[in-house]
Amino acid sequence: MRWIPVSFKQRGLFINMFFITVVIIVIVSVTIAWTTIRMSEKFFFGKFSIMNATVMNQVIDSFESFNYSIVQASNNFLTSGTIKSVLSGKQSDRQKMTSFYTIGQQMKRIQSNFVPYDMDIVIMGINGVSFSTYQNYWPITDRELETSTLRKKTLEQPKKLMYQYHRLDKQKQYIVATRALMERITEKIYGSMYFAISEKEIRKFYTSYTSPGNNVYLVDKTGLIVSSNQSKLIGQKSRDFLDYAAKLKNSSQKYIVGKFMGKDQVILMNYLPSFDMYLFNIIDKQTAFGDLIDSKEITLILMGIVLLALLIVFFASRRLTNSLSILVRQISNVSKNNFDQYVAVTGTYETKQIGNAFNSMLDELHEYVEQLMLSQKQQRHAELAALQQQINPHFLYNTLASIKFLVKQRGKEDSEAIINALISLLQNTIGNVSETITIEQELDNLKNYVLINQMRYGNRIQVNYFVGLDCKHVQIPKLILQPFIENSFFHGFNQKQEGTINVLIWRDNELLKCEVTDNGDGMSPIDEKLPKTKRKQQLFSGIGVRNVHERIQLIYGEPYGVKITSKPGEGTKVLITIPCQS
């Protein structure tokens, strides 16, 4: 996540808290709004269904009143002996005239019960005789009626008064109440009766209660729409009516919200047992209740509440987390100030506790670092002292061996000069407790050492010194050149009888370079591949040479030290590199 700005990282807690709070507020607000809308709709639907049930009861009363008139008329027909005799037997012309008149008067009396309704009553006997109160109202011929499904279904269930849908054309649609004329004792059928009422007349039972989006459907058991204020749908079948009828029968609720004609509808249903049909009241949810709940206004109010809540949460969260963000920023900058800058203890109780704990940790860290540095410094001094104690006996042993050899070979005069040179050497090396000396002092010691060895070996090995004028007062570790002069004297001229040793010292920018070269025997490449020290640097043969390299790296670090290059027969070059310290 390197691309995230530091300020955002330091305010990560605030951003996370704010984001989570925003999500929670939005979810809770939307949930509450949705629940409120649903509960409001449910409450309104419940109240509406109660009011609508009252209205639909009035409609049902109209249907029941009509059915009661049909029942009374059918009972009158069944108890009429004249009608039975006319429809079941043969009569003379004179008897027929009398019977027709009598039946006509009786049908007029019966039709008086249907004054509120515009309808036609037809009776038909098994002997082919038929009577009609208003033949033009229901324009169906005797032959058509005799072969129609109306008569067939009537005769199949002769004891039942049933209502059937009959359609002649798009404009002439009827609901016909039918019943068989049957003797009660012998149950012999002698005819059938038909009460035909136009669908438009049936529609008058409920039209006053309908409105745009509020529709009524009279549906039979097959799902056929027998009557409706939606005249285009009359005569069509819909399985949805039967499905909703079954659901409402098994439901404790008086209504169902579902899909009908591709729209959300509130569906109410009453069963008319007399008609054996369903009376559906279907209300378009959007049309009827669209203005009840103003979704736009609710959305605006919801957005306002959410915005206000977000502003409160933003400033509250920022105030609570600001002190923590400042503390994080201060802690992040501590490393840039070498852990010397304490953090400010401000803000909330928790932030103050963290600040105090961090400052205490810094104190403990400083104390630990000081102890560690002191321990490392003591260890370094101990190592240097050990190396110094290592080189002093080695140097003294070689020097005394040379003096012993001279005393045996030459006598007291030369021995006195050698002893004086040794005393000077011991004063500047072993007697001087300082870790470093100037190059000028190192050269004096080196010349005394060369003098002792030239007394022993003669002048066959010449030593030359080339020192930069700006290098004489530069501080260097003592005895870093002597071991290499010693190596040249004892090991560099075993095959060659004479030669030259050159000592070169110069500045190279911020570095001091000391070079000891000889034109002696040299070494083979195999001799140069020496083992490595634990510091992964080259070890060189000889206690003194190895000691110089380790001391330089211990004092100045691994980038510095000794490098030796040599070729057999051409000589050896030793290059010492250390920082230049005046």
Side-chain angles (χ1 to χ4, degrees), residues 387 390-391 393-402 405-406 409 439 442-443 445-468 471 476-477 479-506 508 511-553 556 558-578:
L387 290 172
Q390 182 188 69
I391 195 170
H394 172 74
F395 162 72
L396 186 60
Y397 171 78
N398 288 337
T399 305
L400 290 176
S402 298
F405 177 80
L406 289 174
Q409 296 293 328
I439 289 178
E442 180 70 7
L443 287 175
N445 294 335
L446 196 58
K447 290 176 181 178
N448 286 325
Y449 181 77
V450 170
L451 174 63
I452 293 172
N453 282 285
Q454 284 181 336
M455 286 289 187
R456 177 178 178 180
Y457 295 104
N459 292 327
R460 67 186 184 91
I461 300 175
Q462 296 295 322
V463 181
N464 302 313
Y465 305 94
F466 303 94
V467 182
C471 298
I476 62 173
L479 292 177
I480 65 170
L481 297 177
Q482 180 271 337
F484 301 104
I485 297 294
E486 178 183 324
N487 264 12
S488 295
F489 268 104
F490 286 98
H491 306 293
F493 295 95
N494 291 329
Q495 297 178 4
K496 293 183 179 181
Q497 296 301 315
E498 58 183 22
T500 304
I501 300 174
N502 294 319
V503 179
L504 299 90
I505 302 174
W506 73 96
D508 185 3
L511 299 176
L512 178 70
K513 295 190 175 182
C514 305
E515 189 175 276
V516 178
T517 62
D518 65 59
N519 57 359
D521 299 338
M523 295 184 294
S524 63
I526 296 178
D527 296 328
E528 294 182 60
K529 295 180 180 179
L530 301 174
K532 294 184 178 180
T533 65
K534 62 183 177 181
R535 296 184 182 89
K536 299 181 181 179
Q537 297 291 333
Q538 288 183 333
L539 260 177
F540 313 107
S541 60
I543 295 176
V545 174
R546 186 187 309 111
N547 183 284
V548 172
H549 183 69
E550 290 180 354
R551 278 195 297 151
I552 289 175
Q553 290 200 331
Y556 303 111
E558 292 190 3
Y560 306 99
V562 179
K563 180 179 179 181
I564 299 177
T565 57
S566 181
K567 289 185 179 181
E570 295 183 8
T572 302
K573 180 172 71 175
V574 177
L575 178 62
I576 302 173
T577 304
I578 60 175

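Values reported hereafter were calculated over all heavy atoms of this structure, with side chains retained and with hydrogens, waters and symmetry mates removed. In this text the structure is predicted, and so the values were computed from the model without any measurement.
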To the nearest 0.5 angstrom, please state how far the CD atom of E570 sits from the OG1 atom of T565. 10.5 Å

In Å, rounded to the nearest 0.5 Å, how long is the span from OH of Y449 to CG of L481? 12.5 Å

Would you check, one step at a time, whether the test side chain to side chain contact (heavy atoms under 4.5 Å, CB included) holds for N547 with L479? CA-CA 10 Å; N547 183 284; L479 292 177; over 6 Å; no

Would you give the length of the straight line joining atom CD of E515 to atom NZ of K563, rounded to the nearest 0.5 angstrom? 11.0 Å

Can you find a pair of side-chain heavy atoms, one from F489 and one from I452, that are under 4.5 Å apart? no

Side-chain donor/acceptor of T577 to backbone N/O of G561, under 3.5 Å: no

All N/O donor-acceptor pairs, side-chain side in residues 491-500, below 3.5 Å, sequence neighbours left out:
from, atom 1, to, atom 2, distance (Å)
K496, NZ, N519, O, 2.9
K496, NZ, G520, O, 3.4
K496, NZ, G569, O, 3.0

First locate atom OG of S488, then atom CD1 of I501, and finally report the distance between them rounded to the nearest 0.5 Å. 4.0 Å

Backbone N or O of T572 within a donor-acceptor pair of the D518 side chain at under 3.5 Å? yes

Which is it for I505 and L443 under the side chain to side chain contact (heavy atoms under 4.5 Å, CB included) test, yes or no, and what are the steps along the way? CA-CA 10 Å; I505 302 174; L443 287 175; 4.2 Å; yes

In short, G571 meets S566 closest at the heavy-atom pair O-OG, 3.0 Å

Does a side-chain heavy-atom distance below 4.5 Å link I461 with N453? no

All side chain to side chain donor-acceptor pair (under 3.5 Å) counterparts of N459, not counting sequence neighbours: none

Closer than 3.5 angstrom, by distance alone: can the side chain of E442 be matched with the main-chain N or O of I480 as a donor-acceptor pair? yes

Would you find a donor on one side and an acceptor on the other, under 3.5 Å apart, between the side chain of Q553 and the backbone of P559? no

Contacts of K513 that satisfy salt bridge (charged side-chain N to carboxylate O under 4.0 Å, His left out) - sequence neighbours left out: D508

Nearest 0.5 Å please: distance from the CD atom of Q482 over to the CG atom of L446. 7.5 Å

Return the minimal non-hydrogen interatomic distance between L511 and Y560, and the atom names on each side. CD2-CE2, 3.7 Å

Looking at NZ of K567 and CE of M523, how far apart are the two atoms once the value is rounded to the nearest 0.5 Å? 13.0 Å

